Number of protein chains: 2
Amino acid sequence: MAKKAGPRAKAGEQAGAARGEERIRQRNEKAILRAATTLFAKKGFDGTRATEIAERAGLPKANLYYYFNTKEEIYRAAIRHLIAGWDKALRHIRADADPFEALEAYVREKLDYARKNADESRMFANEIISGAPFLSRADRKHMHDITLEKTLIIEQWVAEGRMRPVNPRHLFIVLWSTTQFYTNFEKITCDTLEKPRLSPSDYEDAARTIVETVLRGLRPGKASSDP
Amino acid sequence: MAKKAGPRAKAGEQAGAARGEERIRQRNEKAILRAATTLFAKKGFDGTRATEIAERAGLPKANLYYYFNTKEEIYRAAIRHLIAGWDKALRHIRADADPFEALEAYVREKLDYARKNADESRMFANEIISGAPFLSRADRKHMHDITLEKTLIIEQWVAEGRMRPVNPRHLFIVLWSTTQFYTNFEKITCDTLEKPRLSPSDYEDAARTIVETVLRGLRPGKASSDP
DNA sequence: ACAAAAGCTGACCGAAGTGTCAATTTATGG
DNA sequence: CCATAAATTGACACTTCGGTCAGCTTTTGT
């Protein structure tokens, strides 16, 4: 199939007037994706109605289908967008950096990213819990490759005696889980902290807790393993 | 409304033949709840069709509506069930216990519970991410109260110098996030560990990692905070 | 200025899904 | 065994929702 969805779906800004070319299309697609992400995050794919997305984007429903062929296409576009931001924070993990400075920077940035992009973060979590039915093999490979690369750096640090021995894959899992929990499970976090909403200072407390528990446990030092 | 849903919805086993009283009803409700939990976990409330639940429970759809008035009622019943298991693992946190033995036992049991009740755990995660629209105030208060109680114990341990200073609420959040991540986000965990499925030994590795990072960081010892 | 392309939209359709019901069968208690 | 309650179910009513379409308006290039 694939018959309509606008006349020129691809072919970015190749030449000619770079000014406002495709301005309208870009603005509307962005509005649709923003609205969709918020709704998908809260209500999931099936729980979100095309009409709702349209309303939130300030467009009539039929207009949605001028830009996208199906609701699923909107969902996939949103997923693609958030996959692109996956590895941002990982750039701190460099072999020539100080392990603990690098890991702390990573934790703080990840926490910050989740806070500032709460909807994306939640939508992603939803997708994974549901078994990642819309993640392409390429998406998963990408995430996997990036992780593997950073894994090797951790192993190197361990080999150099700069950190305690640790399974780097599990370490990343622990770091992901903690940094995403605050945003993804905001409701339960708020209940626990007895706050109506999470403030920046709560995120600061979170960062400190993660650094002082998870990371401190990895600092080299005489073995105090058994009591 | 609320007109049907079986003749005797409540009034457990009060008297008379305790043998097979209400056997059929009990069996069927259980089958429905089990089937529903699995589906709600994977596809969310709106993504799950009443027909699917019925099929999975081995019943015709109309029979579902003999036991429950609405799909929402099924969902609520499932939620109620899993809230009941929330505090199981927390029983290890007792003031007279050794802090690290207690915390390790807690971590291991929580990990184990999540693994063995993956569907419930995922359904719960789904509910929270979506903003906990079906959690009653009482449910939330229950969770909050239990947590508060354990929080005080941690504070006592800190005051006695048996652990490093830590914000107990954040500590619990870190512990929840890590212990639930493996099950809730199984897909991403598998990709990261390069396994098709998680084996018990992977969970053992997870437990060890959590204990050796998160918990080790809390052991008292001379301050090695700054480099 | 004007033609062609892009953008917009109200009205509509068919598929699918929730919940209903009346009629039938099965279990239970005396 | 019979009467009454419980359990079962196929067929159906009603609604909602994803997606279409034909014709309209606006923008753009020349």
Side-chain angles (χ1 to χ4, degrees), chain A residues 1-32 35-36 39-40 43-77, chain B residues 1-11 13-32 35-36 39-40 43-76:
Chain A
M1 304 272 171
K3 51 269 140 119
K4 64 165 186 181
R8 219 182 331 153
K10 272 291 152 56
E13 60 294 355
Q14 42 192 36
R19 192 83 61 88
E21 193 176 351
E22 299 260 296
R23 224 180 328 152
I24 299 176
R25 181 174 204 89
Q26 229 171 324
R27 172 167 42 85
N28 282 341
E29 283 183 354
K30 198 169 169 180
I32 292 169
L39 290 165
F40 285 142
K43 310 159 77 136
F45 179 78
D46 293 285
T48 301
R49 308 301 160 203
T51 314
E52 289 178 299
I53 300 176
E55 265 172 27
R56 195 167 237 275
L59 264 42
K61 187 187 65 167
N63 207 348
L64 237 65
Y65 287 92
Y66 174 71
Y67 290 108
F68 297 90
N69 282 312
T70 61
K71 189 171 81 167
E72 181 175 324
E73 203 173 270
I74 299 177
Y75 189 90
R76 298 195 112 99
Chain B
M1 302 275 173
K3 52 267 138 120
K4 65 164 187 181
R8 218 180 333 150
K10 273 290 152 59
E13 59 296 356
Q14 43 191 34
R19 191 83 62 88
E21 193 176 350
E22 299 260 297
R23 223 179 330 150
I24 298 176
R25 179 173 207 90
Q26 228 171 325
R27 172 166 43 84
N28 283 341
E29 284 184 354
K30 197 169 171 181
I32 292 169
L39 290 165
F40 285 142
K43 309 159 78 134
F45 179 78
D46 294 285
T48 301
R49 309 300 160 202
T51 313
E52 290 179 299
I53 300 176
E55 263 172 29
R56 196 167 236 277
L59 265 43
K61 187 188 63 167
N63 207 346
L64 238 62
Y65 287 93
Y66 173 71
Y67 290 108
F68 298 90
N69 282 311
T70 61
K71 190 170 81 167
E72 181 175 324
E73 203 173 270
I74 299 177
Y75 188 89
R76 298 196 112 99

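Residue numbers begin at 1 in each chain, while the letters A, B, ... track the order of the sequences. Just so it is clear, the structure is predicted and the values come from calculations on it, not from any experiment.
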Check your understanding: Is there a side chain to side chain contact (heavy atoms under 4.5 Å, CB included) between Arg49(B) and Asp46(A) once you walk through the steps?
Key -> CA-CA 11 Å; Arg49(B) 309 300 160 202; Asp46(A) 293 285; 3.8 Å; yes

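The side-chain contact (heavy atoms from CB on, under 4.5 Å) test applied to Lys71(B) returns Phe40(B), Phe45(B), not counting sequence neighbours. Residues passing the side-chain hydrogen bond (donor to acceptor under 3.5 Å, both in side chains) test with Lys43(B) are Glu52(B), sequence neighbours excluded. For Glu72(A), the salt bridge (Lys or Arg N to Asp or Glu O under 4.0 Å) criterion is met by Arg76(A), not counting sequence neighbours. Every residue two or more places apart in sequence or in another chain that forms a side-chain contact (heavy atoms from CB on, under 4.5 Å) with Asn63(B) is listed here: Leu59(B), Pro60(B), Tyr66(B), Tyr67(B).
Considering only side-chain N and O atoms, Asn28(A) lies under 4.0 angstrom from the phosphate OP1 or OP2 of dC8(C). Residue Arg23(B) places no side-chain N or O under 4.0 Å from the OP1 or OP2 atom of dA6(D). Between dT8(D) and Tyr66(B), no contact under 4.0 Å exists linking OP1 or OP2 to a side-chain N or O. Within the structure, a side-chain polar atom (N or O) of Arg25(B) is placed less than 4.0 Å from OP1 or OP2 of dA7(D). Proximity of Tyr65(A) to the phosphate of dT9(C): no side-chain N or O atom is located under 4.0 Å from OP1 or OP2.
Atom-to-atom, CG of Asp46(B) to P of dA16(C) comes out at 18 Å; the value is rounded to the nearest Å. When the C1' atom of dG18(D) is taken as reference, atom CZ of Phe40(A) falls 12 Å away, rounded to whole Å. As a whole-Å value, the separation of Asn63(B) CG from dT24(C) P is 18 Å. Atom CZ in Phe68(B) sits roughly 18 Å away from atom C1' in dT20(C) (whole-Å rounding). Here the C1' atom of nucleotide dA6(D) and the OH atom of Tyr67(B) are 8 Å apart, to the nearest Å. One interatomic measurement links the two molecules: NZ of Lys71(B) to C1' of dA16(C), which rounds to 12 Å at whole-angstrom precision. The CG atom of Leu64(B) sits 17 Å away from the P atom of dC21(C) (whole-angstrom rounding). With rounding to whole Å, Tyr75(B) atom OH is found 15 Å from dT18(C) atom P.
With the end axes of the helix from dA1(C)-dT30(D) to dG30(C)-dC1(D) each set by five pairs, the angle from one to the other reads 30° at 10° resolution.
A pairwise comparison of heavy atoms in Ala57(A) and Ala31(A) identifies CB-O, 3.8 Å as the closest pair. The two residues Phe68(B) and Ile32(B) have their closest heavy-atom pair at CE1-CG2, 3.8 Å. Scanning all heavy atoms of the two residues, the minimum distance from Glu73(B) to Asn69(B) falls at OE2-N, 3.2 Å.
In this structure, OH in Tyr75(B) is found 12.5 Å from CG in Leu39(B), a value given to the nearest 0.5 Å.
Contacts of Lys61(B) with the nucleic acid, taken as non-hydrogen atoms under 4.0 Å apart, include base atoms.
Using a 4.0 Å cutoff on non-hydrogen atoms, the parts of residues 47-55 of chain B near DNA chain C are Thr48(B), Arg49(B), Ala50(B), ordered by number.
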